[in-house]
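Protein chains get the first letters and strands the later ones, always in sequence-line order, with residue 1 at the start of each. Just so it is clear, the structure is predicted and the values come from calculations on it, not from any experiment.
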2 protein chains.
Amino acid sequence: MKATLRDVAERSGFSITTVSHVLNDVPGKRIAPDTRETIRRVADELAYRPNQLAQGLRRQRSGTIGFLADSILTTPHAHKVISGAQDAAAEAGSMLLLVSTDGRPELEERGITAFLDRQVDGIVYAATYHRIVTPPPSLRARPAVLLDARTDAAEYPSAVPDEVGSARTAVAELVRAGHRRIGYLGNVDDIPATAGRLAGYRQALAEAGLPWQPAWEVAEASESTGGYRAARAVLDRPDRPTALFCFNDRMALGAYFAVQDLGLAVALDVSIIGFDDQEIISEGVHPGLTTMRLPHYEMGQWGIRTLLSLIDAPSDGPYDPVHFDCPLVRRASVGSPRG
Amino acid sequence: MKATLRDVAERSGFSITTVSHVLNDVPGKRIAPDTRETIRRVADELAYRPNQLAQGLRRQRSGTIGFLADSILTTPHAHKVISGAQDAAAEAGSMLLLVSTDGRPELEERGITAFLDRQVDGIVYAATYHRIVTPPPSLRARPAVLLDARTDAAEYPSAVPDEVGSARTAVAELVRAGHRRIGYLGNVDDIPATAGRLAGYRQALAEAGLPWQPAWEVAEASESTGGYRAARAVLDRPDRPTALFCFNDRMALGAYFAVQDLGLAVALDVSIIGFDDQEIISEGVHPGLTTMRLPHYEMGQWGIRTLLSLIDAPSDGPYDPVHFDCPLVRRASVGSPRG
DNA sequence: ATGAAAGCGCTAACAC
DNA sequence: GTGTTAGCGCTTTCAT
């Protein structure tokens, strides 16, 4: 059915070895130009494609990378990590074996085992949001990188968003629009983004010489209803801020509903800036939400490239996490304060 | 490093053959119970795991399935297809090689070629939403199934949502709540869901003996702003409906904003029911959106199971697409009409 | 009840 | 310039 090296050899009249040599462009082989041509032609006619199982077995390189995601479900925008990874892998002739553990930790071990059984060249361990993780020891069996995640021991190369810097960028945008009373709708999760974005908010205020008001800084559950409550808490005050920086887009969505319930208008009365750029929200909301885009695609690409070079040239760490900037995506939720 | 069959053989004092026999439980082999036990123990001690590349090469079965998605990006809830597929694959000791073409058709051929090079046992071709597709001819090279997609020729087993029936279920829910003036916020795309959901809407109206009003049935772009415009068009009328069935959740989101801009309240003044159950929207919106859940996880599972049995027992079709019901997910956007 | 040998499709030393 | 040979790690006749 599918043509093999042997078929090409027989049909061209040369040995399997010679065929392999020319098809792989093995350097330092003296092969007659005619031979090269003939072999190439025959291979073409037969639509020959190397069997990667056989190739992998022989070369000890499967051309396959294991991608372990803790969840591709809950946070949709995270799929761009996979997209970036896939594109970078394709560039290098590699492919992704995918396992999503969906928060079931017992699937981690099993997934890695399955990867190892298939002789993956390396593994990327991707979290859905910036987290400190403790991957199973079996991850050590192959070169690995962490995405949106890091360990305390820094034993793997890892990429994470720059929480502090990006939060500063967001608040600076509000300052630039003329706001002097800026609130922060924060979250209560025990994750790096919590402290990071809060710190960025405060730093930006300080840099702009703006007052920090404890009452404008509130923490709630990091989803829509939490955002609603947080926004109400801040906006119900007489000295309410004219702009709100939100921990994420879901909270910003809740803030939209709060603003409307108060008879106010987003951008006109209250400027809002989110975080994540979850397009369903940021583009779906009315007016469009200005927000910080998580650099998922870029991290995915970086992950594979880093992994690939690690495979070619193993090294031992420790590795400082590399921080990725979140670009500001301007839409229509930021205006100038009234009066 | 990793233990091989040979290691187990040497350490246990038996031949590779015998070891293979016991580890694979080859039927019809008379092997001493003691031997079995020893071999098993040694394999355990060495943490032996078969090399699937070698196994695959020999058995002509890679234990790997190619998953080609036209886009895992744009429609986040579709990832549940992958989740269902992965779970079903894991059950059968198989794994998914993933390629997402993200609307770049040239990646289809390349992806399939890459699958074939890696000797996948089968391929699932998954669309992001119910579509008529024309997969590249190379798909024929292996058993394949279609998800959320079908071809005119019905050459592959395929699964699609039951658009008509599910729309009827949605409207029936509105009827059950007491509504007699029910509008439809439809879309303008040339896809099966367009005609299907519209037909379901009309059928449900007829079944309930309710009047069909051309003015209550409007078509717009199937995203948030389209939903907003559509809702305004219907709601601005004096004889406005008390309930709205929306083509999808994104349009429903737009409808929420329209209702609010008119000083009305969702559920109280206008009941809304969506389609898709995109959780970011349906759970993020205030009040929560009642909607029809697309059976993505189930279709993913079905796809792999069907594919696996096709691999074991090839057959030729044609195959009638199988239709999956969309379950109703009740939240808080449906109330009884006033007065 | 166990094992030798061939071979899946390929690559890489090492001849000649 | 080209080919022989020996595996990569495994399964599978076929002997014994």
Side-chain angles (χ1 to χ4, degrees), chain A residues 1-40 42-43 46-64 93 115-121 141, chain B residues 1-40 42-43 46-64 93 115-121 141:
Chain A
M1 179 76 244
K2 269 195 78 181
T4 71
L5 250 203
R6 179 208 208 100
D7 295 328
V8 180
E10 279 172 2
R11 185 109 110 107
S12 65
F14 292 93
S15 74
I16 288 188
T17 311
T18 306
V19 174
S20 171
H21 284 341
V22 351
L23 260 23
N24 288 309
D25 274 323
V26 179
K29 293 285 162 188
R30 221 152 305 282
I31 290 169
D34 276 12
T35 307
R36 293 204 118 84
E37 205 190 321
T38 316
I39 290 180
R40 290 237 164 77
V42 173
L46 263 34
Y48 168 76
R49 304 233 85 214
N51 179 326
Q52 293 229 32
L53 251 40
Q55 226 172 23
L57 183 59
R58 183 61 239 233
R59 289 196 180 147
Q60 304 289 42
R61 254 257 205 177
S62 63
T64 260
F115 287 156
L116 263 18
D117 289 350
R118 282 165 184 84
Q119 314 294 117
V120 295
D121 299 327
Chain B
M1 179 75 244
K2 270 194 77 182
T4 71
L5 249 206
R6 179 209 209 98
D7 296 328
V8 180
E10 280 173 2
R11 186 108 108 109
S12 67
F14 293 94
S15 74
I16 288 187
T17 311
T18 304
V19 173
S20 172
H21 284 339
V22 351
L23 260 22
N24 287 310
D25 273 321
V26 179
K29 293 286 162 189
R30 221 151 306 282
I31 290 170
D34 275 12
T35 307
R36 291 204 120 84
E37 204 191 321
T38 316
I39 290 180
R40 290 235 165 79
V42 173
L46 264 34
Y48 169 75
R49 305 232 85 214
N51 178 328
Q52 293 230 32
L53 251 39
Q55 225 172 24
L57 183 59
R58 184 59 238 235
R59 289 198 180 144
Q60 304 289 43
R61 255 254 204 178
S62 63
T64 261
F115 286 156
L116 263 20
D117 289 350
R118 281 165 185 81
Q119 313 295 116
V120 295
D121 300 327

Contact class for B:Arg59 vs. all strands (heavy atom < 4.0 Å): base, sugar-phosphate, or nothing?
sugar-phosphate
For a quick test of reading the model: is some side-chain N or O of B:Gln55 closer than 4.0 Å to OP1 or OP2 of D:dT11?
yes
Find which nucleotide of DNA chain D each of B:Arg49 and A:Ile16 is nearest to by heavy atoms, and output the residue with the more 5' nucleotide.
A:Ile16
Any A:Ser15 side-chain N or O less than 4.0 Å from OP1/OP2 of D:dG3
yes
Pair A:Asp7 + A:Arg49, salt bridge at N-O below 4.0 Å:
no
Distance test, side-chain N/O of B:Thr35 to OP1/OP2 of C:dT2, below 4.0 Å:
yes
Indicate yes or no for a side-chain donor-acceptor contact from A:Asn51 to the backbone of A:Leu53 under 3.5 Å, with no hydrogens or angles considered.
yes
5' priority, DNA chain C, between B:Thr18 and A:Ser20 [closest heavy atom]:
B:Thr18
Considering only side-chain heavy atoms of B:Ile31, which listed nucleotide, C:dC10, C:dT2, D:dC8, is closest?
C:dT2
Point-to-point distance, once rounded to the nearest 0.5 Å, from NZ of B:Lys29 to CZ of B:Arg36
11.0 Å
The answer to which of A:Thr17 and A:Arg30 contacts DNA chain D further toward the 5' end, by nearest nucleotide, is A:Arg30
So which nucleotide from C:dT2, C:dC8, C:dC10 ends up closest to the side chain of B:Ala32?
C:dT2
Considering just the side-chain nitrogens and oxygens of A:Asn24, establish if one lies under 4.0 Å of OP1 or OP2 belonging to C:dT11.
yes
Base, sugar-phosphate, or nothing: which does A:Leu53 touch, judged by heavy atoms less than 4.0 Å apart?
nothing
State whether the distance check finds a donor on one side and an acceptor on the other, under 3.5 Å, for side chain A:Arg58 versus base D:dG7.
yes
Between B:Lys29 and A:Leu5, who's closer to the 5' end of DNA chain C by nearest nucleotide?
B:Lys29
Is the number of heavy atoms from other residues, nucleotides or ligands under 6.0 Å of A:Glu10 CD greater than 12?
yes
Is the shortest side-chain heavy-atom distance between A:Ser20 and A:Leu5 below 4.5 Å?
yes
Does D:dG9 have OP1 or OP2 sitting under 4.0 Å from an N or O in the side chain of A:Gln60?
yes
What does A:Thr4 touch in the nucleic acid at a heavy-atom separation under 4.0 angstrom: a base, only the sugar-phosphate, or nothing?
sugar-phosphate
